Amino acid sequence: MTKNSEIESLEIFPHQNLSRLSSDFYSNETETLAKKLLGKLIVKNVDGQTLSGMIVETEAYTQDDPASHSFKGIRNSNSMMFQNAGYLYVYTIYGRYFCGNIVSESEGVGAAVLIRGVEPIQGFSLMKENRIITSISKQLKEKDITNGPSKFCAAFNIDKSLNGTNLIESESIYLTQFKEFADSEIVITTRIGVHQGSEKLRRYYVRGNKFVSKQ
DNA sequence: GCCAAGATCCTCT
DNA sequence: GAGGATCTTGGCT
């Protein structure tokens, strides 16, 4: 069995039986939430098809952090970060890509967790199709489908129209329990692509997982 | 209205 | 591993 067919065989994964994450889970302190999100399943229903993937890489952004969009206060573009925990915050980066975040903390506090890497579980072919449509490159390796924040958004067809989606109530996109990782399986390190606050250890990823953007 | 920066991705070497 | 592409957004005048 090839690696590709292993992934295709997961297309029938019964995600419906997994318990959905509640507001209690999202109201964890931001860095704790970033760590706890590893191993959770993100599910997206689109046109009768289901996409799902296990979160394997995250970064925490809080209001006291100069690298965070919320550092300079509330703006039109970042207002979603100041919502209650459990909302989806989507923003445009470098004019052409999107990044998806899960809002944390209470209303009025600008904090969120960026999803940087996801391991495809269900709907791999559709993810690949979505990536090819939005990418310049037409030859993508398996790991290149979701091993980066904007790659994940493209694969799951997440754009700014989903900014402000309530992940606790929405039927089209939500998170469920899936897998637990021991502390020894989780790597905590510095974030990628940030300049101010770059020394902070606020990036979390699953050791050895190939869908992590940078080991 | 203009300008510079940016939580990225992709190609080339 | 390094550098270019590309365009939205916010800050400033």
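Everything quoted here is computed from the prediction, not taken from an experiment. Proteins get letters first, then strands, A, B, ... in listed order; numbering begins at 1 in each.
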Got a list of side-chain donor-acceptor pairs under 3.5 Å for residues 160-167 of chain A, not counting sequence neighbours?
residue: A:Ser161; atom: OG; partner: A:Asp159; partner atom: OD1; Å: 2.5
residue: A:Asn163; atom: OD1; partner: A:Val90; partner atom: N; Å: 3.0
residue: A:Thr165; atom: OG1; partner: A:Leu162; partner atom: O; Å: 2.6
residue: A:Asn166; atom: OD1; partner: A:Ile168; partner atom: N; Å: 2.8
residue: A:Asn166; atom: OD1; partner: A:Glu169; partner atom: N; Å: 3.4

Are the side chain of [X] and the backbone N or O of [Y] linked by a donor-acceptor pair below 3.5 Å?
X        : Y        : value
A:Arg191 : A:Gly197 : yes
A:Ser150 : A:Phe98  : yes
A:Arg203 : A:Glu57  : no

Could you state the atom-to-atom distance from [atom1] of [X] to [atom2] of [N] in whole Å?
X        : N      : atom1 : atom2 : answer
A:Tyr89  : B:dA7  : OH    : P     : 10 Å
A:Lys141 : B:dT11 : NZ    : P     : 11 Å
A:Leu140 : B:dC10 : CG    : P     : 7 Å
A:Lys214 : B:dA7  : NZ    : C1'   : 13 Å
A:Ile102 : B:dA7  : CD1   : P     : 19 Å
A:Phe211 : B:dC9  : CZ    : C1'   : 17 Å
A:Ile145 : B:dC10 : CD1   : C1'   : 14 Å

A:Lys200 with A:Glu59: basic N within carboxylate O range, under 4.0 Å:
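Answer for the salt bridge query: no.
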Would you check if A:Tyr61 stacks with the base of B:dA7, given a 5.5 Å centroid limit and a 30° plane limit, both strict?
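Yes.
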Cluster check A:Ile158, A:Leu114: I/L/V/M/F/W/Y, side chain < 4.5 angstrom
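Result: no, two separate clusters.
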Of all pairs that satisfy ring pair (Phe, Tyr, Trp, His ring centres under 6.0 Å), the ones with a partner from residues 54-73 of chain A, not counting sequence neighbours
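Pairs touching residues 54-73 of chain A that pass the test: A:His69-A:Tyr91.
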Among pairs that include at least one residue of residues 100-123 of chain A, which meet ring pair (Phe, Tyr, Trp, His ring centres under 6.0 Å), considering only residues two or more places apart or in two chains?
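Listed by first then second residue: nothing to list.
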At under 4.0 Å between heavy atoms, which parts of nucleotides 6-13 of chain C does protein reach? Answer with one letter per nucleotide, 5' to 3': B base, S sugar-phosphate only, - none.
BBSSSS--
Given that A:Asp144 and A:His69 both sit by DNA chain B, which one's nearest nucleotide is further toward the 5' end?
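Counting from the 5' end, the first nearest nucleotide belongs to A:His69.
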Taking only heavy atoms on the protein side, list every residue of residues 190-208 of chain A lying under 4.0 Å from any atom of DNA chain B, sorted numerically.
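Contacting residues: A:Ile192, A:Gly193, A:Val194.
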From A:Glu185, A:Glu119, A:Lys143, residue fulfilling side chain to side chain donor-acceptor pair (under 3.5 Å) relative to A:Asn209
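Single side chain to side chain donor-acceptor pair (under 3.5 Å) partner of A:Asn209 among A:Glu185, A:Glu119, A:Lys143: A:Glu119.
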Paired stems touching DNA chain C, three or more consecutive Watson-Crick or G-U pairs with both distances under 3.5 Å?
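Stem list for DNA chain C: B:1-6 with C:7-12, B:8-12 with C:1-5.
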Measuring to OP1 and OP2 of B:dC9, would you say a side-chain N or O of A:Arg116 lies under 4.0 angstrom away?
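No, because none of the side-chain N or O atoms of A:Arg116 sits under 4.0 Å from OP1 or OP2 of B:dC9.
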Heavy-atom side-chain contact between A:Lys210 and A:Asn147 under 4.5 Å
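In short, these two side chains do not touch, never coming nearer than 4.5 Å.
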Taking atom types as modelled and ignoring hydrogens, do the side chains of A:Ser68 and A:Gln63 form a donor-acceptor contact shorter than 3.5 angstrom?
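Judged by distance alone, the side chains do not pair up.
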